[in-house]
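Encoded as C-alpha cells, the structure appears first; notes follow it.
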Amino acid sequence: MAHGLNPPQQKAVNTLAGPLLVLAGAGTGKTRVVTYRIAKLIQSGIRADRILAVTFTNKAATEMQERIGELLGKKNKKQPATSTFHSHCVRVLRRQIQHLGYPRKFSIYDRGDQESLARGVLREIRVPNETLRPGDLLYFIGGWKTKCIRPADAAAIASTDKEHLAAMAYRRYQKGLKQRGAVDFDDLLLLTEELFTNFDAVRREEAALFDHLLIDEYQDTNGSQYRIVKALAQDHRNLCVVGDDDQSIYGWRGAEVEHILRFSHDWPDSTVVWLENNYRSTAEILTVANRLIAFNKKRHPKELKAARPGGKQPRIEQYPNETKEAEGVVADIARLLRQPDFEPNDFAILFRTNEQPRAFETELRRAGLPYVLIGGMSFFDRKEVRDVLAYMKMIDSPTDEVSLLRIINTPPRGLGGKSVEVLTKEAVRQGKPLWDVLGQPTVVAVLPDTAQRACEELRSLVDMFQQRFKKRPMVDAMRAMLERVDYESELQRLYDNPNDREARMAALEELANALGAYETKAKKPTLAGFLDDVALGGPDFNDEKDKQLKRNAIVLMTLHSAKGLEFPHVYMVGMEEGLLPHHRSVAVEGEAIDEERRLCYVGVTRAQDYLTLSMALTRRKWGKPRDTIPSRFLFELIGQAENPHAGNTATRQRPPGATRTQKAATPATRPPSKTRAATDLPSRRRRT
DNA sequence: GCACTGACCGTTTTT
DNA sequence: CGGTCAGTGC
C-alpha cells in the first residue's frame, strides 16, 4: 500500500510510535495520511479496536471508517473506534458518570431542552423576562462553559448586573441539570475532564482501552479537549495529532491555536512532519491563499506549494446589491451548467452568516437549479420532530420533566396552564418529579375532569410504550405512538395549508426512517441510544446530510461547515467589511480578525479550479439598504495591502495582475480601488 | 384554552 | 424585513 505518497506523507504514515505532530496545510492529503497510518498500524499488528481516532464531525468519523475499510478489505472484522470528542465522552460518561454523583442513566439536553430549563430557572428566581431572557442566560453559560468556568467561579468574575444575575442562575441551572439526571452539550466535555482529574483510577481505566490515539483537526481543540487528550495519551504516549494552525476557526468555541503551536513543547520527544504540497487547488488559487494568510502573525510560517501549476485566476465581482449578487452568481452557474463539463455538485456558494443564503435560494429556485442548504435550521429543530422526540424522551425517562412539559398538552388534552401550575407546585412542595405527582390520585382529584383524564392517559401511554419500545422494530412502536396521540389530527388542526401538513408529516416519516436506519446499524439498539445519536447529530442525521451532499445539487453553506470539503467551483459571497470580517470580530480588535482571515483562507482553499469572490456595494439590513466597504481581505489577497509580517515570503512583489485582466473581461467587476488602501478601511468602522 | 395582533429587536460561525 | 413574544379578545 502507501502508493503515491510523497516523502513527508510517508514519514507521517510510518512513524508509528510516540508523539507525532502532522502540520498539514489545506489540501495536502491529510485525510489520506491519517487513514493510511491507521491501516499501517493495524497491519503492523496493532489490534484495530485498540486504536481511537477522534475527528471533528460525525461525518468525518464515518468517512474515515469507510476509507479504512476500503484499504484493509473486508477480511478485517474489527474496526478502529472513530468518533468525535463529544461522542467519545458520552461513551466514557455512560460507563463512569456515577462517580460524579449523577444517575447512571442520564439524558443529554439539546438546545431546546436547555432553553426550557433556563426558562424555569429564571422563573424560579423571579427574574423578569426583559431583564434576562433564557437565550441570554444560555449565551452567558455557554461562554463560561467553553472557558471551563464553573458556577462558583462565574460569580467572582461577573462585572455587570446582568452577569451577576446570570451567574446566580448558572448555579441553579447546573443544579437543575444534575437533579434531572441530565447533562448539556458542554458538560459532556467538562464532566469527562472532571472525571479524569478527580479520579485517576477512572482515567487510567479509560486510557487503557486504547494503545493509539489520533486527533484530527487538532487546531480546533479547546481547553477541555486538550486536557482530555493528555489524560488519555499520557500513559502510552502514542499520540498523533493532525492539523493546520491556519485553519483554526473555532476560537469562539474555546479552541486555542496555541495548543497546536506548542505541541512539541508539551511532548518534547515528538516527531514533527510538515505537509505543504497541495494537490487540491491550482497554483493561481494557492498564490492568493498564501498571500492572504501571510497577514496573520501567530502561525507556523508555511506556504502551500502547488502540485497543479497554472490555472484560472480568481475573480472578484462587485454587484450593486445583494439581490443582484445572487442573480449574478446564479446566472454564472447556470451558464456554466449549460456546458457539458460541469454538474451541479461541482459548485459551492460559501458565506459567512446564515442570513445570507436566502437571496441565493430564491434565485436558484427561480432558475430551477437543484441546490442544498447545509446547516441552518436542522431537521431536528422542526416543531413536529421536536414534539415527537419529546414523547420518546418522556417515555425513555419520564422523570425528566422538560420533555414532559413540552408535550403535556400537545395535542391539547385539557391539561392547560392552570392545571400544570397546580401540579408543578405540588411537585415542588413534595420535592418529587412532576411525573410522580401526575400519578397521585389525591392530587389529581383537585383538577377538572378533562385534566384528570389527561393525567391518566399520559401515565398509561408511557407505561404502554416503555414496553413497546423494548421490542423490535422500534419504528412500529413509534408509529403506534403517533396513532395513539393522534398527532396527524394535531397537524391538521394547526396547519390549513395542505402542503404544509404534508411537509410536516414527511418530516415525521423521515424521523421514522432515521430510527429505522439506527436500528439496523446499531449493535444493540435502544431508545436511549437513538436519542443520544439525535442529540449528538449522530450518524443517522448525517446520512441525511450525506445524501444531500451526494444529491448532485449546488451546495450552499457557511464557511465554517465547508471545512474539510472541496469543490471545483467556489463562490465566496458577501466579501464585505462587517460580514467577512464580521463586525463583531472587528469590534474586539486583535486576534479576532486573524480568525476571520483564517476563515477566509479556509474558503479560498476549498476551491479546486475556479474561485469567484463577490460583494454587494449596498446590502439591506433590517429593511434598509446600507453602503458597504469591500472586505480588507480582498485587498490583502490581491496584493494591494501592506503586509506587516511579509518578511521572508514572496507575497509582496507580485502585482495583482490576476484581477486586473479580469476587470477587462467582466465589466461588472471593479476591484477595490488602490486609493482606498486596506489600512484605511477600518476608518468607517462603527463604534457604538 | 386558543388564535390573532402588534410591539420589539437584531445570535457569526456549531459539536 | 421577518421572527418572537406578550397581551388581547373570543
Side-chain angles (χ1 to χ4, degrees), chain A residues 54-61 83-90 108 110-111 115 119 128-130 133-140 142-143 145-146 184-189 217 220-222 224-225 248-255 322-323 350-356 358-359 374-378 380-381 409-420 448 450-451 454 490 493-496 533-538 541-542 545 557-563 574 578-588 592 595-596 598-600 602-603 619-626 688:
Chain A
V54 177
T55 55
F56 193 74
T57 60
N58 284 297
K59 182 168 159 267
S83 66
T84 61
F85 265 106
H86 291 266
S87 323
H88 186 70
C89 288
V90 172
I108 303 168
D110 61 24
R111 174 72 197 196
E115 237 159 63
R119 187 165 285 127
N129 209 303
E130 60 273 17
R133 304 159 95 178
D136 300 338
L137 174 58
L138 288 179
Y139 182 77
F140 280 121
K145 284 196 173 185
T146 52
D184 67 18
F185 228 81
D186 300 310
D187 281 348
L188 294 174
L189 299 177
E217 310 282 11
D220 287 321
T221 48
N222 66 25
S224 305
Q225 291 168 331
S248 168
I249 54 175
Y250 283 90
W252 52 275
R253 223 169 67 187
E322 77 279 355
T323 320
L350 307 182
F351 39 83
R352 174 70 232 264
T353 70
N354 276 320
E355 59 174 355
Q356 286 171 267
R358 204 167 278 157
I374 306 289
M377 182 154 105
S378 150
F380 291 102
D381 289 340
N409 202 32
T410 306
R413 50 170 68 88
L415 203 48
K418 254 295 174 5
S419 305
V420 173
T450 46
E490 168 74 354
R493 191 179 66 85
L494 248 35
Y495 308 102
D496 299 333
D533 266 14
V534 170
L536 294 168
F541 173 51
N542 273 294
K545 195 162 162 179
M557 63 180 147
T558 63
L559 289 162
H560 281 90
S561 19
K563 187 171 77 167
L579 220 41
L580 184 69
H582 196 270
H583 67 266
R584 280 191 112 90
S585 300
V586 176
V588 292
E595 180 152 321
E596 297 285 320
R598 280 181 234 125
L599 201 46
C600 186
V602 166
R619 185 171 291 270
R620 286 186 102 83
K621 194 159 195 205
W622 306 331
K624 288 192 174 62
R626 313 192 103 200
T688 41

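Bear in mind the structure is a predicted one, so any value in this text is a computation, not a measurement. Naming convention: chains lettered A, B, ... in sequence-line order (proteins, then strands); numbering from 1 in each chain.
We find that the ring of A/Phe85 and the base of B/dT15 do not stack by the test of centres under 5.5 angstrom and planes tilted less than 30°.
Among the protein residues, A/Asp186 comes within range of no part of the nucleic acid, since none of its heavy atoms lies under 4.0 Å from any strand. As judged by a 4.0 angstrom heavy-atom cut-off over every strand, A/Glu355 is placed among residues making no nucleic acid contact. The residue A/Arg358 sits close only to the backbone: its heavy atoms come under 4.0 Å of sugar-phosphate atoms, none of a base.
Put simply, the side chain of A/Phe56 does not reach to within 4.5 Å of the side chain of A/Thr84, judged on heavy atoms.
Between the CH2 atom of A/Trp252 and the P atom of B/dT14 there is a distance of 6 Å, given to the nearest Å. Rounded to whole Å, atom P of B/dT14 lies 12 Å from atom CG of A/Leu350. Rounded to whole Å, atom C1' of B/dT14 lies 12 Å from atom CG of A/Asn58. A/His560 places its NE2 atom 8 Å from the C1' atom of B/dT14, with the value rounded to the nearest Å. Remark: P of B/dG10 and CZ of A/Arg619 are 20 Å apart, rounded to the nearest angstrom. One can place CD of A/Gln225 at 12 Å from P of B/dT15, the figure rounded to the nearest angstrom. For the pair A/Leu188 CG and B/dT14 C1', the interatomic distance rounds to 14 Å; values are reported in whole Å. Atom-to-atom, CD of A/Gln356 to C1' of B/dT12 comes out at 10 Å; the value is rounded to the nearest Å.
The salt bridge (charged side-chain N to carboxylate O under 4.0 Å, His left out) search around A/Asp110 returns A/Arg386, A/Lys393, not counting sequence neighbours. Annotation: ring-ring contact (aromatic ring centres under 6.0 Å, His included) contacts of A/Phe185 (sequence neighbours excluded): A/His86.
For A/Arg584, a side-chain nitrogen or oxygen approaches OP1 or OP2 of B/dT12 to under 4.0 Å. Distances shorter than 4.0 Å separate none of the side-chain N or O atoms of A/Asn354 from OP1 or OP2 on B/dT12. The side chain of A/Asn222 places no N or O atom within less than 4.0 Å of a non-bridging phosphate oxygen (OP1 or OP2) of B/dT15. A sub-4.0 Å separation between OP1 or OP2 of B/dT14 and a side-chain N or O of A/Ser561 is present.
Distance from the side chain of A/Thr57 is smallest to B/dT15 among B/dT15, B/dT12, B/dG10. Looking at the side chain of A/Thr558, the nearest of the listed nucleotides B/dT14, B/dT11, B/dC2 is B/dT14. Of the candidate nucleotides B/dT15, B/dT12, C/dC5, B/dT12 has the atom lying nearest to any side-chain atom of A/Arg352. For A/Ser585, the side-chain atoms get nearest to B/dT12 when compared with the rest of B/dT15, B/dT12, B/dT13.
Using a 4.0 Å cut-off between charged side-chain N and carboxylate O, A/Lys145 and A/Asp184 make a salt bridge.
Counting only distance, with no hydrogens or angles, the side chain of A/Ser585 and the backbone of A/Pro581 share no donor-acceptor pair below 3.5 Å.
Taking the P atoms as reference points, B/dT13 lies 14 Å from C/dT4, given to the whole Å.
Between the side chain of A/Arg111 and the base of B/dT11, a donor-acceptor pair under 3.5 Å is found.
The aromatic rings of A/His560 and A/Tyr250 lie perpendicular to each other, with more than 60° between the two planes, well past the 30° mark.
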